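Contents: one structure, followed by commentary.
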There are 2 protein chains.
Amino acid sequence: MNSPTASLPTLTTDIVPFAIRGERLEVLLARQTTGWGLPGGPVGVDEDLDAAARRQLAEQTDLSEVYLEQLYTFGRPDRNPARRMVAVAYFALLPIASGSVGVPAAGDAVRWAAVDELPRLVLDHGEIVAVARCRLAAKLLYSTIALQLMPECFTLSELQAVHEIILGESLDKRNFRKRVLALDCIEATGELARHGGRRPARLYRARRPGQVELIK
Amino acid sequence: MNSPTASLPTLTTDIVPFAIRGERLEVLLARQTTGWGLPGGPVGVDEDLDAAARRQLAEQTDLSEVYLEQLYTFGRPDRNPARRMVAVAYFALLPIASGSVGVPAAGDAVRWAAVDELPRLVLDHGEIVAVARCRLAAKLLYSTIALQLMPECFTLSELQAVHEIILGESLDKRNFRKRVLALDCIEATGELARHGGRRPARLYRARRPGQVELIK
DNA sequence: TATATTAGTGTCATTTGAACACTATTACAA
DNA sequence: TTGTAATAGTGTTCAAATGACACTAATATA
């Protein structure tokens, strides 16, 4: 076994914070000295990786209590020309319209951008977003992860729209409802949503909020 | 954003080298000062993560040209009581009976162990193996990854046995052949295997060796 | 030459997935 | 108040995929 190297790579976490806003999948970007990039930064000496990602997201975007999942670790030596950095990437899922998901405390330091119309991002952050998006779309098909993008109460039409936006294709309403109800992962609240639309829709909630279950 | 921390975690790679040996799924372990563990070690200052994993596997086990895939990054602060270490874990797949897969150059420094009867491993390496095993079993179901465990030429019975060993259940011979042949990922060589058995079996090879394709 | 062992093959029933159109309920406008 | 526009909600039918199942073929060995 070779001996440890003299110098060590800097270890960071980068977080891809996803939310459905309007009719699009968007990512929350953080302003950095050289341009726009993902929230994140160096991992503390004795800090857990998940905790570091959660802390940085909270500090930089004022978001907490989000679903967070490790994505991949990016470590090409040339990914940062300045100094060697290895990034443990995460993605976060934010519920639709969760309170201050507009412009958080940091004011001008963050902005939302549609994942389809991202500006050029610093380093390899564009690639990280692309990988995260693939993973999210893949997991829609074999897990209940979409519920992490929903508010506490939601209608089936809203849930279907989330799927359609991420997958980029329209789904059959009856088949969608049949499948999602058969999964037994949501339940009707008994309330109706009367938000401007015509006929009010039944509201549902996750049976086991916070839990992502594999399906099929 | 907080400033970089004074000290940095040590970054390592750990590799879970899988192979089918006998009728079992086995892992190649490396002797360490405090007991048996996974091959791996510190990442070089300007070394790519994948390259580091590949190098360490080659140095410590004399294995090269293997399939390598990043698994997960383990960074709990208490995973190493001595000093903070973050490990980017990989798993490797070795073809059955690939030359010196017995006892490589390092002599006494490595040993094979059945994944079901592992000795106690250093640090959290037991957990890493468990995660790798789950991932491997999962990928069997939606990819052609099993081919990475096969030698250049193999019979359908051998390929089926590999699936059965990893999944831990027996499969129907006719259904298995129907499915795998329909995938169009292997082709008959025209040769027959006459290795002691009774009726000789047709030999097959991967159409696109080295490539792992998603299926279904 | 008889026997033991593994290789190789097809059908049918069931389940799953995909396509498809109409009625119901409300808000709002005339 | 009544009509209209908009979204919510609901079953059936067909096709495709999956899973269960048993026998013949080819060779080595006794």
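In what follows, chains are A, B, ... by sequence order, proteins preceding strands, each numbered from 1. All figures in this text were calculated on a predicted structure; none of them were measured in a lab. Quick note: numbers below take in every heavy atom, side chains included, and nothing from hydrogens, waters or symmetry partners.
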TODO: Return the nearest nucleotide to the side chain of A:K173; candidates are C:dG8, C:dG10, D:dG9.
DONE: D:dG9

- [ ] Report yes if a donor N or O on one partner sits less than 3.5 Å from an acceptor N or O on the other, where the partners are the side chain of A:R198 and the base of C:dA24; otherwise report no.
- [x] no

- [ ] Look at the side chain of B:R199 and the base of D:dA25, then say whether one donor and one acceptor between them are separated by less than 3.5 Å.
- [x] yes

TODO: Measure from the side-chain heavy atoms of A:K216 and tell me the nearest of C:dA7, C:dA19, C:dG17.
DONE: C:dG17

Open item on the list: Is a donor from one side chain sitting under 3.5 angstrom from an acceptor on the other, for A:R177 and A:S157?
Closed with: yes

- [ ] Report yes if at least one side-chain N or O of A:R202 is closer than 4.0 Å to OP1 or OP2 of C:dT25; otherwise report no.
- [x] no

TODO: Give the nucleotide from the list D:dG19, C:dA19, C:dA7 with an atom nearest to the side chain of A:K178.
DONE: C:dA19

Open item on the list: Donor-acceptor check, side chain of B:R55 to backbone of B:V43, threshold 3.5 angstrom: yes or no?
Closed with: no

- [ ] Count the heavy atoms belonging to other residues, nucleotides or ligands that lie under 6.0 Å from CD of B:E152, then report whether that count exceeds 12.
- [x] no

Task: Side-chain N,O (B:S157) to OP1/OP2 (C:dA7) below 4.0 Å - done: yes

- [ ] For A:I128 and A:V16, run side chain to side chain contact (heavy atoms under 4.5 Å, CB included): C-alpha distance rounded to whole Å, both residues' side-chain angles, the deciding distance at 0.1 Å, then the answer.
- [x] CA-CA 8 Å; A:I128 297 177; A:V16 185; 3.7 Å; yes

Open item on the list: Does A:R174 contact D:dA8 through a side-chain donor or acceptor facing the base, at a distance under 3.5 Å?
Closed with: no

